[in-house]
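Written below as structure tokens is the structure these notes are about.
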2 protein chains.
Amino acid sequence: MRLRDIGERALLKGLAPLGYPEGAPLPPGDDAGGVWVGEGAWLLKTDGFLYREVALKGMGPFEVGFRGVAATASDLLAKMARPLGFTLGLFLPEDLEVDFARRLVEGAAEAARRLGAFLLGGDTNRGPEVALTVSGFGPARAPLPRKALPGDLLYLAGDRWGRVGAAIRAHYQGRALEAFPLIREAAFYPLPRLELLALEGLLRGALDSSDGLAETLWQVSELGVRVDLEALPLHPDVLAFAGGEEEARALVLYGGEEFEAVLLVPPDRESEVLARAEGAGLPLFRAGRVGEGEGVYFRGEPVPRQGYTHF
Amino acid sequence: MRLRDIGERALLKGLAPLGYPEGAPLPPGDDAGGVWVGEGAWLLKTDGFLYREVALKGMGPFEVGFRGVAATASDLLAKMARPLGFTLGLFLPEDLEVDFARRLVEGAAEAARRLGAFLLGGDTNRGPEVALTVSGFGPARAPLPRKALPGDLLYLAGDRWGRVGAAIRAHYQGRALEAFPLIREAAFYPLPRLELLALEGLLRGALDSSDGLAETLWQVSELGVRVDLEALPLHPDVLAFAGGEEEARALVLYGGEEFEAVLLVPPDRESEVLARAEGAGLPLFRAGRVGEGEGVYFRGEPVPRQGYTHF
């Protein structure tokens with residue numbers, strides 16, 4: 001049996017429990033792992049990727065380094081951990097320009113800086129192509145698992161929904177993004193949101209969303225619920241880029257690389273969640289709710305499962 | 001300017017300060033990075049490598065996974081941090097056998113388990129060849145930098161010196177290791193030493209040694225001292241494998257992958273260090289001392305700088 005035969009999800013599901021601690025702050029396979037230390041948890045997260053698979057047209061090593069720290073930080077923040085530091089593991093061809101490597105690290109350092117965190121070193125190795133692995137750690141007083149109960153409200157945090165999908169489509173269609181500065185910014189500098197920490201203790205669960213919203217919602221469904229989408233955030237620039245509502249919705253559902261969080265909110269906490277989010281400056285969009293059953297639906301219509309997987 | 005033109009050391013020296021916190025527990029470029037949290041430090045370390053570059057004849061994915069956690073743990077322990085958890089970032093070809101990936105992770109889990117630690121998840125990505133990046137974290141009450149002052153005694157911790165060098169030579173010469181079980185064990189399962197933590201607060205400085213002892217000692221010299229080796233640990237099996245003292249010394253100096261620590265001991269602490277090491281069961285070998293000046297010498301003769309570098 002080879003990796004391509006079972007796919008990435010099944011592979012990770014089989015590997016995640018190996019060596020994982022019992023009674024850990026988060027179950028194996030969650031967005032980050034961790035251990036209890038004293039009164040709280042310390043979480044550790046690693047995310048790796050090939051340069052060529054994430055570098056959209058117009059992105060350079062600075063943006064890809066930034067993206068690396070963003071991806072890892074997004075997982076930590078969705079689990080209510082404050083990222084304190086990051087390391088970079090780099091595989092680089094030996095004929096690479098030194099300045100390219102430097103710009104990768106500068107972009108990573110900039111993302112860390114904007115999160116109030118630091119780069120704590122790393123490692124360089126010769127490799128056949130440019131590949132990055134970014135690790136990050138931080139404390140979480142109340143680590144938040146992937147969890148959903150029937151009746152919970154479904155909220156989308158942040159404002160990159162649809163925008164990164166648009167940028168990815170522009171890349172493959174060779175379209176320029178000059179007229180869409182927010183789409184470009186969302187794709188090139190997807191800074192995760194420290195403001196999520198303002199919701200500590202209020203949420204049922206949360207998931208980092210980076211392989212497409214539809215895929216993330218299917219993962220919500222796998223927690224044992226049916227997901228009923230009632231609305232999706234359609235930003236004016238995404239609508240303009242897409243040329244229609246249906247096309248814009250597809251960009252929201254099947255984008256990826258947003259590094260935003262999907263939140264499950266108990267109904268009796270909704271008003272407090274909204275108040276705290278507003279106080280912190282965190283954009284929240286109420287997209288629907290979860291109920292008994294399984295599957296993902298948008299206004300009653302099934303949402304197909306399509307997302308990015310590595311094998 | 002390309003990476004191969006400047007080499008790995010110069011590259012890392014240029015990259016290490018980027019985004020690194022001021023006043024950190026350890027300076028940029030040390031064996032691990034970290035931040036102060038409350039009364040102590042939390043350290044984070046990442047080490048990456050290509051499977052084919054470390055897999056000696058007879059090693060399989062289990063041993064290479066073990067080696068990955070060992071390499072990262074060794075850095076943390078040399079800095080007096082207790083490793084609590086590790087993550088794996090894996091690049092894997094899509095036609096790889098699933099069982100191969102599983103054995104990699106099982107080996108990593110076994111090394112973590114033997115250190116009283118855990119695997120905390122990770123990430124898998126499609127890549128052109130098998131590559132691993134292992135990250136680890138843990139608290140350090142008194143993080144120990146790379147530091148040496150004239151007059152300090154030079155100690156080698158552990159018993160893998162020369163043995164891993166012998167195993168690497170056996171690999172390239174096609175020699176079997178059946179008659180040398182300790183050499184095989186040192187190379188295949190190089191478990192770092194939790195016992196180092198018994199020396200907390202007593203040492204001047206420490207360095208993880210993984211690119212060859214000579215290279216590590218040259219790095220000691222770069223701290224502003226002259227290194228005078230008076231003796232090297234020559235285990236009977238290494239002498240037998242090498243066929244002579246001079247050849248055995250070369251295996252000690254130019255091995256690599258030992259994942260042992262080089263310790264700088266203030267003379268007035270020597271007896272306490274020895275007592276605590278004996279109590280903890282940590283093998284220590286007094287190899288010499290450091291003084292004013294620069295360079296590395298064995299009984300007055302210069303020791304050439306040769307070691308493994310990636311570019």
Side-chain angles (χ1 to χ4, degrees), chain A residues 1-4 6 8 11-12 14-16 18-21 28-29 32-35 37 42 44-50 84-85 87-92 94-98 101-102 105-106 108-109 112-113 118-129 131 133 135 137 139 310-311, chain B residues 1-4 6 8 11-12 14-16 18-21 28-29 32-35 37 42 44-50 84-85 87-92 94-98 101-102 105-106 108-109 112-113 118-129 131 133 135 137 139 310-311:
Chain A
M1 184 78 82
R2 296 173 191 275
L3 299 190
R4 79 157 74 84
I6 67 163
E8 187 185 18
L11 175 66
L12 281 173
L15 299 181
L18 301 175
Y20 200 80
V35 291
V37 181
W42 273 76
L44 179 62
K45 173 66 186 186
T46 287
D47 188 70
F49 56 96
L50 299 177
L84 297 184
T87 52
L88 302 182
L90 302 176
F91 291 97
L92 306 169
E94 58 189 344
D95 62 353
L96 192 76
E97 291 286 339
V98 173
R102 188 178 178 87
V105 180
E106 285 174 347
R113 189 190 65 75
F118 299 96
L119 292 191
L120 301 178
D123 190 31
T124 61
N125 282 275
R126 187 175 45 198
E129 68 172 291
T133 304
S135 299
F137 74 159
H310 286 286
F311 297 108
Chain B
M1 185 80 85
R2 295 172 191 275
L3 299 190
R4 77 157 75 83
I6 67 164
E8 188 185 18
L11 176 66
L12 281 174
L15 298 181
L18 300 176
Y20 200 80
V35 291
V37 181
W42 273 76
L44 178 63
K45 172 67 186 186
T46 288
D47 188 71
F49 55 96
L50 298 178
L84 297 184
T87 52
L88 303 182
L90 302 177
F91 291 98
L92 306 169
E94 57 188 347
D95 62 353
L96 192 76
E97 291 286 339
V98 173
R102 189 180 177 85
V105 179
E106 285 175 347
R113 190 189 65 75
F118 300 95
L119 291 192
L120 301 177
D123 190 31
T124 61
N125 282 275
R126 188 176 45 200
E129 68 172 291
T133 304
S135 299
F137 74 160
H310 286 285
F311 296 107

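By convention in this document, chain letters (A, B, ...) are assigned in the order of the sequence lines, proteins followed by strands, and residues within each chain are numbered from 1.
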Between [X] and [Y], what is the shortest heavy-atom contact and its length?
X       : Y       : answer
E94(A)  : R2(B)   : O-CB, 4.1 Å
L3(B)   : A101(A) : CD2-CB, 4.3 Å
R102(B) : L18(A)  : NH2-CD2, 3.6 Å

Using heavy-atom distances under 4.5 Å, tell me whether [X] contacts chain B through its side chain, its backbone, both, or neither.
X       : value
L44(A)  : both
I6(A)   : side chain
P28(A)  : neither
R113(A) : neither
Y20(A)  : both

Counting heavy-atom pairs closer than 4.5 Å to chain A, which one of P128(B), G89(B), A16(B), G121(B) comes out on top?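 Most heavy-atom pairs under 4.5 Å with chain A: P128(B).
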Counting heavy-atom pairs under 4.5 Å with chain A, which one of G34(B), A109(B), G19(B), G29(B) comes out on top?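 It is G19(B).
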Between E129(B) (side chain only) and L92(B) (backbone N and O only), is there a donor and an acceptor less than 3.5 Å apart?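 Here the side-chain-to-backbone pair does not exist.
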Measure L50(B) against the heavy atoms of chain A and call it side chain, backbone, both or neither at under 4.5 Å.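 Both parts, heavy atoms under 4.5 Å.
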Just so I know, are the side chains of V37(B) and W42(A) near enough to count as touching, which here means a heavy-atom distance under 4.5 Å?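 Counting from C-beta outward, V37(B) and W42(A) do come under 4.5 Å.
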Let me see the working for L119(B) and E106(B) under side chain to side chain contact (heavy atoms under 4.5 Å, CB included), right down to the final yes or no. CA-CA 10 Å; L119(B) 291 192; E106(B) 285 175 347; over 6 Å; no
